Undergrad: 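First, the structure itself, so that you have it in front of you.
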Amino acid sequence: MKLNCGDICPKSASYKVVDAKGNVINSVYVGEGQSMPPTQYSDCHYEINN
């Protein structure tokens, strides 16, 4: 599942920050119901860590 900044977090977890090429840049912990924070670059999105 891909999430973008501003999306509501579906569950508390650590999420990978992934760029347009699929490279993992960073990871962040976000709590359920919180907004996903801004990414460092505009072409990044979030994916849940397994």
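These figures come from a predicted structure and were not determined experimentally.
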Undergrad: Output a table of donor-acceptor pairs, distance under 3.5 Å, between side-chain atoms of residues 28-38 and any protein atom two or more places apart or on a different chain; print 'none' if there are none.
TA:
unit_1, atom_1, unit_2, atom_2, d
Q34, OE1, G31, N, 3.0

Undergrad: Go through the steps to decide whether N49 and S27 satisfy the test side-chain contact (heavy atoms from CB on, under 4.5 Å), and finish with yes or no.
TA: CA-CA 8 Å; N49 279 332; S27 67; 4.2 Å; yes
Undergrad: If you round to the nearest 0.5 Å, how far is CG of D19 from CG of N26?
TA: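 Output value for this atom pair is 12.0 Å.
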Undergrad: So L3 and Y15, do their side chains get closer than 4.5 Å, heavy atoms only?
TA: yes
Undergrad: Going by the rule side-chain hydrogen bond (donor to acceptor under 3.5 Å, both in side chains), which residues pair with E47 if we only count those two or more places apart in sequence or in a different chain?
TA: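 Counting only residues at least two positions away or on another chain, E47 forms a side-chain hydrogen bond (donor to acceptor under 3.5 Å, both in side chains) with H45.
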Undergrad: Does some side-chain heavy atom of V18 sit less than 4.5 Å from a side-chain heavy atom of C44?
TA: no
Undergrad: Which value, rounded to the nearest 0.5 Å, describes the distance between I48 atom CD1 and C9 atom SG?
TA: 7.5 Å
Undergrad: Does the side chain of D7 reach to within under 4.5 Å of the side chain of Y46, using non-hydrogen atoms?
TA: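 With C-beta onward as the side chain, the pair stays apart.
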